[in-house]
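Every number for a ligand or one of its atoms is a count from 1 in the order of the listing. Index from 1, following the sequence.
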Amino acid sequence: MVVITLQRDKCIGCNYCVEMNPVHFQMSKKDGKSVLIHSQNAKGFFTLKSPNRAIVESCELAAKACPVKIITVKEI
Ligand code: SF4
């Protein structure tokens, strides 16, 4: 299982994660912050769990590109 998290309230809206991985991230037109697509919110931490390990690489690219380091990718 792959677990991706986004600590959304700290997003500065730079768009890098979307450039690296537009399949899983998009910018909100409402508040200009990143949205982790299909994620669940738990106290500001948006989490997406997927059995598809093929998404790790593209999600890690987004995590590495994020200047405020609020995206994490874990394999469990
Ligand atoms: S790279 Fe980080 S700071 Fe930039 S939009 Fe994505 S989550 Fe927000």
What I want to find out is whether Arg8 reaches Asp31 closely enough, with some N-O distance under 4.0 Å, to be called a salt bridge.
yes

Tabulate below the donor-acceptor pairs under 3.5 Å that side-chain atoms of residues 48-60 make, not counting sequence neighbours, or state none.
{"unit_1": "Ser50", "atom_1": "OG", "unit_2": "Asn52", "atom_2": "N", "d": "3.0"}
{"unit_1": "Asn52", "atom_1": "OD1", "unit_2": "Ala54", "atom_2": "N", "d": "3.0"}
{"unit_1": "Arg53", "atom_1": "NH1", "unit_2": "Glu75", "atom_2": "OE1", "d": "2.4"}
{"unit_1": "Ser58", "atom_1": "OG", "unit_2": "Asn21", "atom_2": "ND2", "d": "3.2"}
{"unit_1": "Ser58", "atom_1": "OG", "unit_2": "Ile55", "atom_2": "O", "d": "3.2"}

Looking only at heavy atoms, what is the nearest atom pair of Ile71 and Cys66, with distance?
CD1-CB, 4.1 Å

Note: ligand 1 atoms sitting under 4.0 Å from heavy atoms of Val68 are 3 (S)

Could I get the full list of side chain to side chain contact (heavy atoms under 4.5 Å, CB included) partners for Asn15, not counting sequence neighbours?
Val18, Glu19, Met27

Return the set of residues passing side chain to side chain contact (heavy atoms under 4.5 Å, CB included) with Lys10 (not counting sequence neighbours), or none when no residue passes.
Gln7, Ile70

List-wise, which protein N, O or S atoms are found short of 2.8 Å from atom 6 (Fe) of ligand 1?
Cys17 SG

Between Lys64 and Lys69, is there a donor-acceptor pair closer than 3.5 Å when you use the side chain of the first and the backbone of the second?
no

